[in-house]
Amino acid sequence: MTSQLVRKLGSASRFPSDHPWITRAGSFKNSQELEEEERFAFLIRKCPNMRVLRQLHAHILTRPLPLSTFSFALSKITVFCALSPLGNIDYARLVFAQISRPSIFSWNSLIKGCSKIQNPSKEPIALFQKLTETGYPVPNSFTMAFVLKACAIVTAFEEGLQVHSRVLKDGFGSSSFVQTSLVNFYGKCEEIGLATKVFDEMPDRNLVAWTAMISGHVRVGAVDEAMGLFREMQKAGVEPDAVTLVSVVSACAAAGALDIGSWVHAYIEKHSVLTDLELGTALVDMYAKCGCIERAKQVFVHMPVRDTRAWSSMIMGFAYHGLSEDAIGVFRQMLEAEVMPDRVTFIGILSACAHGGIVSEGLRFWSLMLECGIEPSVEHYGCIVDLLCRTGLVEEAYRIVTTTNIPSNPATWRSLLKGCKKKKLSNLGEIVARYLLQLEPLNAENYIVISNLYSSVSQWEKMSELRKEMKENDVKPIPGCSSIEVDGVVHEFEMGDQSHPEVKILREFMEEMAKRVWDSGYRPSVSDVLHKVMYEEKEGALGEHSERFAIAYGLLKTRAPVVIRVVKNLRVCGDCHEVIKIISKIYEREIIVRDRVRFHKFVEGTCSCKDYW
DNA sequence: CTAGGGTTAG
């Protein structure tokens with residue numbers, strides 16, 4: 001049987017002729033036994049599939065073997081089944097159970113093996129607990145690293161803390177692998193303070209530890225700190241690799257830092273860092289989120305291999321740039337390339353259709369999604385409701401929301417309300433508004449949309465009532481936000497922002513700007529007037545909207561075209577475009593607006609102020 | 001056998 005297998009595996013994998021095991025120190029096994037063990041190890045390692053492995057397993061079970069050889073072979077089978085991509089974790093568990101006293105090696109493999117399956121559970125943690133209870137074999141630093149990784153995957157904070165205390169008790173605190181695992185674990189649990197503490201105490205910070213720190217900070221949105229760590233890392237003479245750069249690029253995406261993002265891209269090319277799937281996807285996402293859809297596309301088309309996530313990020317990019325046709329085109333190419341769309345892909349393509357108001361196509365994608373066996377979730381329903389509302393099919397959308405068994409979602413109801421406003425359906429709007437305010441009474445955006453609805457049907461009394469209600473509930477809108485990058489520094493401005501160091505010069509400049517715009521004959525439209533009524537802004541002033549701060553800063557500080565990013569949906573804000581056009585003309589400067597409608601996420605219960613203009 | 005990575009509606 002064994003020789004048959006050797007033959008089957010072909011001449012390329014001939015059994016090695018050197019015999020290092022004969023000289024292995026401290027072994028009580030005779031060379032014949034050792035030879036047999038090595039033979040098994042070799043065969044198992046070279047197994048082409050599970051079928052052959054099962055045959056080998058059967059062979060081992062039926063042949064009389066010394067106990068030590070038997071256990072050795074079974075532990076090798078456990079390792080193969082648990083860790084090889086060809087393996088099978090269920091089989092690994094089975095074989096593991098057949099070993100009377102599994103070595104720490106087998107335990108480790110099983111712990112690692114069952115944390116890398118697609119639906120990870122706390123099983124590896126339970127295994128570790130069982131291991132520590134029995135007291136044999138003694139865990140080693142590998143065990144600690146694996147179980148910490150398992151805790152990180154399922155963000156089992158309490159369990160991880162206990163492992164950390166064991167690490168210290170058992171003296172594994174000085175292992176750099178264990179330290180790095182701890183940094184990563186705390187980072188995954190969003191416990192940045194604890195991650196930093198472990199990291200600061202590391203005498204030798206390796207690349208992986210730096211990367212874990214950076215990705216941890218990006219995870220909690222501490223983008224500046226992430227970039228600071230990246231700089232510190234380079235100062236410490238540690239060269240980033242592709243994995244590090246994925247986190248750095250993600251940080252740029254989250255910050256909308258196009259300059260730094262482009263610099264990182266240039267770094268990647270200059271240092272010939274291999275742009276794999278993850279890095280490619282991160283770059284596509286970064287360029288799209290920084291408003292540079294052309295470069296996102298450029299990176300995307302140059303990717304040699306694209307998986308579902310790569311395609312999805314490109315589709316999402318087109319979607320939030322309002323380029324529905326491109327999104328649909330890319331989606332078609334994806335299907336042609338026989339890459340399976342997943343639930344995220346459909347969120348992208350449906351939101352693209354919603355942005356473009358392409359109903360028929362959107363509904364077709366919806367059916368396709370069902371055909372693909374994807375259960376529609378809140379997000380998908382949100383897209384389809386938004387699609388119907390934007391194209392005026394509000395009643396149909398309302399029917400879906402009220403008859404489908406999906407959880408009530410403020411955003412979906414807000415889409416309905418916007419649809420009602422658009423079609424001036426005050427009766428349905430009233431019902432929707434009441435429900436929405438019940439669902440989310442502290443979100444200023446809700447009041448603004450409802451107020452817009454009342455004003456569109458001239459129900460002024462209801463509008464002032466609403467204003468009172470808003471005041472009583474002490475609801476204040478979170479201001480819009482715009483940013484501009486000057487010499488690699490991103491300057492963020494909130495509406496009415498006072499915190500910028502040069503705010504005095506800026507304000508003077510803006511007053512002049514407002515005056516010149518006013519003199520040009522521009523007058524605010526209904527929504528600006530509404531804004532004044534609600535927030536008692538000074539008569540005659542243009543309003544210190546965030547993008548005007550950013551433009552003013554750009555005009556003052558650069559000679560290059562002023563590129564600003566706005567956290568608003570410009571497609572519904574005609575006034576913004578108009579003001580910017582006028583400013584551009586007056587100052588004879590090119591002003592480029594990057595629409596960053598989705599780039600900043602506001603916490604629930606706040607307002608993105610889209611209808612604030 | 002150690003540790004770090006990408007896409008998610010409005």
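Chain letters run A, B, ... following the sequence lines, proteins first and then strands; every chain starts at 1. No experiment lies behind these values; they were computed from the predicted model shown.
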Over how many whole Å does the gap from [X] atom [atom1] to [N] atom [atom2] extend?
X        : N     : atom1 : atom2 : value
A/Glu278 : B/dT7 : CD    : C1'   : 12 Å
A/Ile374 : B/dT8 : CD1   : C1'   : 13 Å
A/Met233 : B/dG4 : CE    : P     : 16 Å
A/Phe346 : B/dT8 : CZ    : C1'   : 14 Å
A/Leu148 : B/dG4 : CG    : C1'   : 14 Å
A/Phe128 : B/dT2 : CZ    : C1'   : 14 Å
A/Leu182 : B/dT2 : CG    : C1'   : 13 Å
A/Phe365 : B/dT8 : CZ    : P     : 19 Å

Kindly indicate whether the side chain of A/Ser215 and the base of B/dG5 share any N or O donor-acceptor pair separated by less than 3.5 Å?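 No.
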
Could you tell me whether the side chain of A/Asp276 has a donor or acceptor atom within less than 3.5 Å of a complementary atom in the base of B/dG6?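 A donor-acceptor contact between them is absent.
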
Using a heavy-atom cut-off of 4.0 Å across all strands, would you classify [X] as base, sugar-phosphate, or nothing?
X        : answer
A/Ala310 : base
A/Ser351 : sugar-phosphate
A/Val378 : base
A/Ser175 : nothing
A/Tyr381 : nothing
A/Leu207 : base
A/Arg205 : nothing
A/Leu279 : base
A/Asn108 : base
A/Thr412 : base

Is it true that [X] and [Y] have ring centroids separated by less than 6.0 Å?
X        : Y        : value
A/Trp107 : A/Phe96  : yes
A/Phe146 : A/Phe177 : no
A/Trp210 : A/Phe199 : yes

Nucleotide nearest [X] when distance is taken to its side chain, options [options]:
X        : options              : value
A/Val208 : B/dG4, B/dC1, B/dA9  : B/dG4
A/Phe142 : B/dT2, B/dT8, B/dA3  : B/dT2
A/Asp285 : B/dA9, B/dT7, B/dG4  : B/dT7
A/Asp342 : B/dT7, B/dT8, B/dG6  : B/dT7
A/Asn409 : B/dG10, B/dG5, B/dT2 : B/dG10
A/Thr281 : B/dG6, B/dA3, B/dG5  : B/dG6
A/Phe146 : B/dG4, B/dG5, B/dC1  : B/dC1
A/Arg343 : B/dG4, B/dT8, B/dA3  : B/dT8
A/Thr180 : B/dT8, B/dA3, B/dG5  : B/dA3

Sidechain-backbone polar pair: A/His380 side chain, A/Ser377 backbone, donor-acceptor under 3.5 Å: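 Side chain of A/His380 to backbone of A/Ser377, a donor-acceptor pair under 3.5 Å: yes, one is there.
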
Between the side chain of A/Ser141 and the main-chain N/O of A/Phe172, is any donor-acceptor distance below 3.5 Å? no

I'd like to know if A/Glu396 pairs up with A/Lys423 as an ion pair, taking the criterion as any Lys NZ or Arg NE/NH1/NH2 lying under 4.0 Å from an Asp or Glu carboxylate oxygen.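 No, this pair does not count.
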
Taking OP1 and OP2 of [N], is either one under 4.0 Å from a side-chain nitrogen or oxygen of [X]?
X        : N      : value
A/His355 : B/dG10 : yes
A/Lys149 : B/dG4  : yes
A/Lys188 : B/dG4  : no
A/Arg309 : B/dT8  : no
A/Lys116 : B/dC1  : no

Return yes when atom CD of A/Glu375 has more than 12 non-hydrogen atoms of other residues, nucleotides or ligands closer than 6.0 Å, and no otherwise.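 12 or below, so no.
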
Would you list the pairs meeting side chain to side chain donor-acceptor pair (under 3.5 Å) in which at least one residue belongs to residues 179-190 of chain A, sequence neighbours left out? A/His164-A/Tyr186

